[in-house]
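Inspection log for the structure reproduced underneath, given as structure tokens.
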Amino acid sequence: MTTPSTPIALVTGASRGLGKSTALHLARQGQDIILTYQSQQAQASATVAQIEALGRKAVALRLDVADSSRFADFAEQVRTALETHWQRATFDVLVNNAGNGTHASLMDTTEAQFDALVNVHFKGVFFLTQKLLPLLADGGRIVNVSTGLTRFALPGYSAYASMKGAVEVMTRYMAKELGPRGIAVNTVAPGAIATDFGGGAVRDNAALNVFVASQTALGRVGEADDIGAMVAALVGPGSRWVNAQRIEVSGGMFV
């Protein structure tokens with residue numbers, strides 16, 4: 001049974017991968033979920049069903065984080081969902097997770113690829129957060145998902161990692177500007193994770209999997225649940241005083 005004190009989290013890109021794991025960990029922690037998906041409606045519905053099986057409420061809304069022209073409309077959908085399903089005007093946690101990857105060398109990256117990465121990973125996060133801030137409760141939390149590639153450099157990820165570097169700087173500015181509202185803002189930076197991200201290379205390419213494991217202090221590649229559990233811990237009551245931080249969750253990759 002939802003009570004007025006039940007926290008509500010909005011997780012973008014939560015029909016699969018890291019976003020799905022995050023939504024499920026938050027639900028196990030006692031939070032209700034608004035999750036977004038771009039095209040995988042069936043997977044999103046399955047995630048909703050899993051959350052409901054945990055005794056929590058969940059709603060799935062379609063969102064293309066690359067299309068900032070639709071963010072105001074999306075915010076209205078969130079407002080309606082809050083009123084309809086929770087009889088509330090605000091939610092408590094925003095996890096900016098949705099994204100995609102492009103692997104191309106500096107010389108081979110096209111302007112179209114670069115612009116697409118900007119729209120999803122930087123412009124999208126900036127302006128989606130802006131549009132949702134009136135609906136985010138004072139004292140709430142924001143988690144922006146980055147990447148270990150902002151600390152270590154691997155050929156082929158210069159554009160992608162640059163966008164995430166911008167997100168890490170933006171996170172600190174968000175923390176500063178939203179501090180008067182009591183909103184804590186942090187970055188979680190995953191290492192290499194065995195999901196379908198980037199075509200599933202870390203998961204499906206045996207040689208790459210072995211290489212990553214060999215370069216990781218804990219001796220394996222990451223799993224989605226490693227990240228979902230960290231996000232849930234970061235927005236839990238025990239992490240109230242953690243703010244404006246970049247927290248890498250890589251098992252000690254390239255240390």
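Within the 3.5 Å criterion, the main-chain N or O of Gly13 finds a donor-acceptor partner in the side chain of Thr36. Under a 3.5 Å cut-off, the side chain of Asp64 and the backbone N or O of Gln38 do not form any donor-acceptor pair. In this structure, the side chain of Gln40 does not engage the main chain of Tyr37 through any donor-acceptor pair within 3.5 Å. Panel note: side chain Gln29, backbone Ala232; a donor-acceptor pair is recorded below 3.5 Å. In this structure, the side chain of Ser239 does not engage the main chain of Val242 through any donor-acceptor pair within 3.5 Å. No donor-acceptor pair closer than 3.5 Å links the side chain of Asp32 to the backbone N or O of Ile8. Judged purely by atom type and a 3.5 angstrom limit, Ser68 has no side-chain atom pairing as donor or acceptor with the backbone of Phe127.
Sorted by first and then second residue, the salt bridge (Lys or Arg N to Asp or Glu O under 4.0 Å) pairs with a member in residues 146-157 read Arg151-Glu248; sequence neighbours excluded. Contacts classified as salt bridge (Lys or Arg N to Asp or Glu O under 4.0 Å) and involving residues 112-135 (residues at least two apart or in different chains) are not found.
Using a 4.5 Å cut-off between side-chain heavy atoms of Ile, Leu, Val, Met, Phe, Trp and Tyr, with links allowed through other members, Leu54 and Val48 fall into the same hydrophobic cluster. Cluster annotation: Leu208 and Leu154 are assigned to the same hydrophobic cluster (Ile/Leu/Val/Met/Phe/Trp/Tyr, side-chain heavy-atom contacts under 4.5 Å, transitive).
Under the side-chain hydrogen bond (donor to acceptor under 3.5 Å, both in side chains) criterion, Asn243 pairs with no residue, sequence neighbours left out. Shown here are the ring-ring contact (aromatic ring centres under 6.0 Å, His included) partners of Phe211, two or more places apart in sequence or in another chain: there are none. Applying the side chain to side chain contact (heavy atoms under 4.5 Å, CB included) test to Gln113 and every residue at least two apart in sequence or in another chain returns Thr102, Ala104, Thr109, Thr110.
Interatomic distance, Gln41 CD to Arg62 CZ, rounded to the nearest 0.5 Å: 9.5 Å. Atoms NZ and CH2, on Lys57 and Trp86 in that order, are 7.0 Å from each other to the nearest 0.5 Å. Rounded to the nearest 0.5 Å, atoms CZ (Arg79) and CZ (Phe91) are 10.5 Å apart. Note that CG of Leu94 is 6.5 Å distant from CG of Leu128, once rounded to the nearest 0.5 Å. Residue Tyr160 holds its OH atom at 9.5 Å from OG1 of Thr150, rounded to the nearest 0.5 Å.
The two residues Asp92 and Arg88 have their closest heavy-atom pair at OD2-NH2, 3.0 Å. Across every non-hydrogen atom of Leu26 and Ala9, the tightest pair is CD1-CB, 3.8 Å. Here the closest non-hydrogen pair linking Thr129 and Val125 is OG1-O, 2.7 Å. Across all their heavy atoms, Leu117 and Ala159 have their closest contact at CD1-CB, 3.7 Å. Across all their heavy atoms, Leu35 and Ala14 have their closest contact at CB-CB, 3.6 Å. Of all non-hydrogen atoms in Ala23 and Ile51, the two that sit nearest each other are CB-CD1, 4.1 Å.
No hydrogens or angles considered: a donor-acceptor pair under 3.5 Å links the side chains of His121 and Lys164. Donor-acceptor pairing under 3.5 Å is recorded for the side chains of Lys20 and Gln50. A side-chain donor-acceptor contact under 3.5 Å links Ser21 and Asp225.
The environment of CD in Glu111 is sparse: at most 12 heavy-atom neighbours from other residues, nucleotides or ligands sit within 6.0 Å. Within a 6.0 Å radius of CD in Glu52, more than 12 heavy atoms belonging to other residues, nucleotides or ligands are found. Other residues, nucleotides and ligands contribute more than 12 heavy atoms inside 6.0 Å of the CZ atom of Arg28. Residue Tyr173 qualifies as open at atom OH: its count of foreign heavy atoms under 6.0 Å is 12 or below. More than 12 heavy atoms of other residues, nucleotides or ligands lie within 6.0 Å of CZ in Phe152, so this atom counts as buried by the packing criterion.
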For residues 137-148, run the donor-acceptor check on the side chains, cut-off 3.5 Å, and write out each pair with its distance to 0.1 Å, sequence neighbours left out.
unit_1	atom_1	unit_2	atom_2	d
Asp138	OD1	Arg181	NE	2.7
Asp138	OD1	Arg181	NH2	3.1
Arg141	NH1	Leu234	O	3.0
Arg141	NH1	Val235	O	3.3
Arg141	NH1	Gly236	O	3.3
Arg141	NH2	Gly236	O	3.3
Asn144	OD1	Asn96	ND2	2.8
Asn144	ND2	Thr171	OG1	2.9
Ser146	OG	Glu168	OE2	2.6
Thr147	OG1	Leu149	N	3.1

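Side-chain contact between Met230 and Ile227 is absent, with no heavy-atom pair separated by less than 4.5 Å. Put simply, the side chain of Leu133 reaches to within 4.5 Å of the side chain of Leu178, judged on heavy atoms. A 4.5 Å side-chain heavy-atom check between Val93 and Pro7 finds every atom pair outside the cut-off. Side-chain contact check for Asn97 versus Thr12: some heavy-atom pair is nearer than 4.5 Å. Side-chain contact between Glu223 and Arg220 is present, with heavy atoms from C-beta onward closer than 4.5 Å. The shortest distance between side-chain heavy atoms of Met170 and Phe122 falls below 4.5 Å. The side-chain heavy atoms of Ile247 and Thr187, taken from C-beta on, include no pair separated by under 4.5 Å. At a threshold of 4.5 Å between non-hydrogen side-chain atoms, the residues Arg16 and Thr47 do not count as touching.
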For this session: List the steps, then state whether side chain to side chain contact (heavy atoms under 4.5 Å, CB included) holds for Phe254 with Val212.
Result: CA-CA 9 Å; Phe254 293 122; Val212 169; over 6 Å; no
For this session: Walk me through it: do Val95 and Leu10 pass the test side chain to side chain contact (heavy atoms under 4.5 Å, CB included)?
Result: CA-CA 6 Å; Val95 182; Leu10 193 161; over 6 Å; no
Problem set entry | Ile33 vs Val59, side chain to side chain contact (heavy atoms under 4.5 Å, CB included): CA-CA, chis, key distance, verdict | CA-CA 7 Å; Ile33 307 294; Val59 174; over 6 Å; no
Problem set entry | Residue pair Leu132, Phe71: steps toward the side chain to side chain contact (heavy atoms under 4.5 Å, CB included) verdict | CA-CA 9 Å; Leu132 291 175; Phe71 289 171; over 6 Å; no
